2 protein chains.
Amino acid sequence: MTPATGAAGGEPPVSEAVAERLADTMFALSSPSRVRIMGLLLAGPRSVTDLTNALGMEQSAVSHQLRVLREHDLVRAEKTGRRRLYALSDEHVSTLLHAALHHAGLTERPAGARQQPDGLGTVAW
Amino acid sequence: MTPATGAAGGEPPVSEAVAERLADTMFALSSPSRVRIMGLLLAGPRSVTDLTNALGMEQSAVSHQLRVLREHDLVRAEKTGRRRLYALSDEHVSTLLHAALHHAGLTERPAGARQQPDGLGTVAW
DNA sequence: ACAATACATGAAGAATCATTCATCCTTTAA
DNA sequence: TTAAAGGATGAATGATTCTTCATGTATTGT
């Protein structure tokens, strides 16, 4: 087997555990709603109501998706008064997000791109 | 509204179109099987049979997942003889993958980490 | 105390996904 | 030509997922 393909030895290059962790994180970013939320948070902390208005979805849906992001440590909530301020959990996350956005901006253009060359709005790095 | 949260002006920081594209790409990496495949390809091109053996899943399942990766431009197939050599579609992808792996390696340790500090095996950069 | 605001959460339903099974196509070997 | 190897693909099925609806809890305002 593997007649000229390269080494195919013993331990896998990416352990199954890591694969699962990575997939899990990617999953959290695999829905447009959640990515849009992350996109908004990229510009600074937002309350659930802010997000709900900006996204044009139901408050319940936003909360549900925020929960997913929370459970995956992508965002953190800080409660002040009766509202909860959501923010990216750390700059590490925003780095990953930017990398991903950059990737998304470079690959396969749908022919009718009218947005910024990379699809980013005004983003504060 | 938005009483001290920051700007909440007009155009979204991440367009809906980009969010969809990004989510789409992330989706392709949101299953452990596909991540493991990518992990193997990180070490070099592999045939479907190679992957099937290394992964311990059925050939059909591997082909199905390869298709997803293909349709998302994450891998490319080159046919030589009666086998198909799959490889990461470009180095750009492997960059993103490494970034993601790095992220996965740093966040929340499941308490029982026995792998390399970052969970990577022998990986050729 | 009462009402309204801000969020969270459980249930339900439609849609989507990953895997297996069976089958088909193509290419090499006998 | 026949058979086998290497893959791809459609159908079926069980498991997840996203959204809406309804309702619950905590906090502020009057």
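Here is the naming used below: chain letters follow the sequence lines, and residue numbers restart at 1 for every chain. Every value quoted in this text rests on a predicted model; they were computed, and no experiment measured them.
In this structure, A/Gln59 and B/Lys79 both approach DNA chain C, and ranking their closest nucleotides by distance from the 5' end singles out A/Gln59. Across the interface with DNA chain D, nearest-nucleotide mapping of A/Ala61 and A/Phe27 shows A/Phe27 to be the residue nearer the 5′ end.
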List, one per line, each side-chain donor-acceptor pair under 3.5 Å for residues 59-66 of chain A, sequence neighbours excluded.
| unit_1 | atom_1 | unit_2 | atom_2 | d |
| --- | --- | --- | --- | --- |
| A/Gln59 | NE2 | A/Ser63 | OG | 3.1 |
| A/Gln65 | OE1 | A/Arg34 | NH1 | 2.8 |

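Here the P atom of nucleotide D/dT20 and the CG atom of A/Leu55 are 12 Å apart, to the nearest Å. C/dT20 atom P lies 17 Å from atom CZ of B/Arg67, rounded to whole Å. Atom CD in A/Glu58 sits about 15 Å away from atom P in D/dT23, given to the nearest Å. The distance from atom CD of A/Glu71 to atom P of C/dT9 is 9 Å, rounded to the nearest whole Å. Distance B/Arg46 CZ to D/dG6 P: 16 Å, rounded to the nearest Å. Whole-Å rounding puts the B/Leu69 CG to C/dC17 C1' distance at 14 Å. Regarding A/Leu66, its CG atom lies at a distance of 10 Å from the C1' atom of C/dC7, rounded to whole Å. Remark: P of D/dG6 and CD of B/Glu78 are 18 Å apart, rounded to the nearest angstrom.
Between A/Arg84 and C/dA8 there is a side-chain N or O to OP1 or OP2 distance below 4.0 Å. When the side-chain nitrogen and oxygen atoms of B/Tyr86 are compared with OP1 and OP2 of D/dG6, none of them lie within a distance under 4.0 Å. In this model, the phosphate group of D/dG7 is approached by a side-chain N or O of B/Ser47 to a distance below 4.0 Å at OP1 or OP2.
Among the nucleotides C/dC7, D/dT9, D/dG7, the one closest to the side chain of A/Thr49 is C/dC7. Among the nucleotides D/dG7, C/dA18, C/dA8, the one closest to the side chain of B/Val48 is D/dG7. Ranking D/dC18, C/dC7, D/dG6 by closeness to the B/Arg83 side chain, first place goes to D/dG6.
A/Phe27 has its side chain out of reach of B/Met26: every pair of non-hydrogen atoms, C-beta onward, lies at least 4.5 Å apart. Looking at A/Leu88 and A/Ser94, their side chains come closer than 4.5 Å, going by heavy atoms from C-beta outward. Residues B/Pro45 and B/Leu85 are in side-chain contact: their nearest non-hydrogen atoms beyond the backbone lie under 4.5 Å apart.
Within 3.5 Å, no donor on the side chain of B/Arg82 pairs with an acceptor on the base of C/dT26, nor the reverse. Within 3.5 Å, a donor on the side chain of B/Ser60 pairs with an acceptor on the base of C/dC21, or the reverse.
Using a 4.0 Å heavy-atom cutoff across all strands shown, B/Ser63 reaches at least one base atom of the nucleic acid.
Below 30°, between 30° and 60°, or above 60°: for A/His92 and B/His102 the angle between ring planes is above 60°, a perpendicular geometry.
Using a 5.5 Å limit on the distance between ring centres and a 30° limit on the angle between planes, the aromatic ring of B/His64 does not count as stacked on the six-membered base ring of C/dT19.
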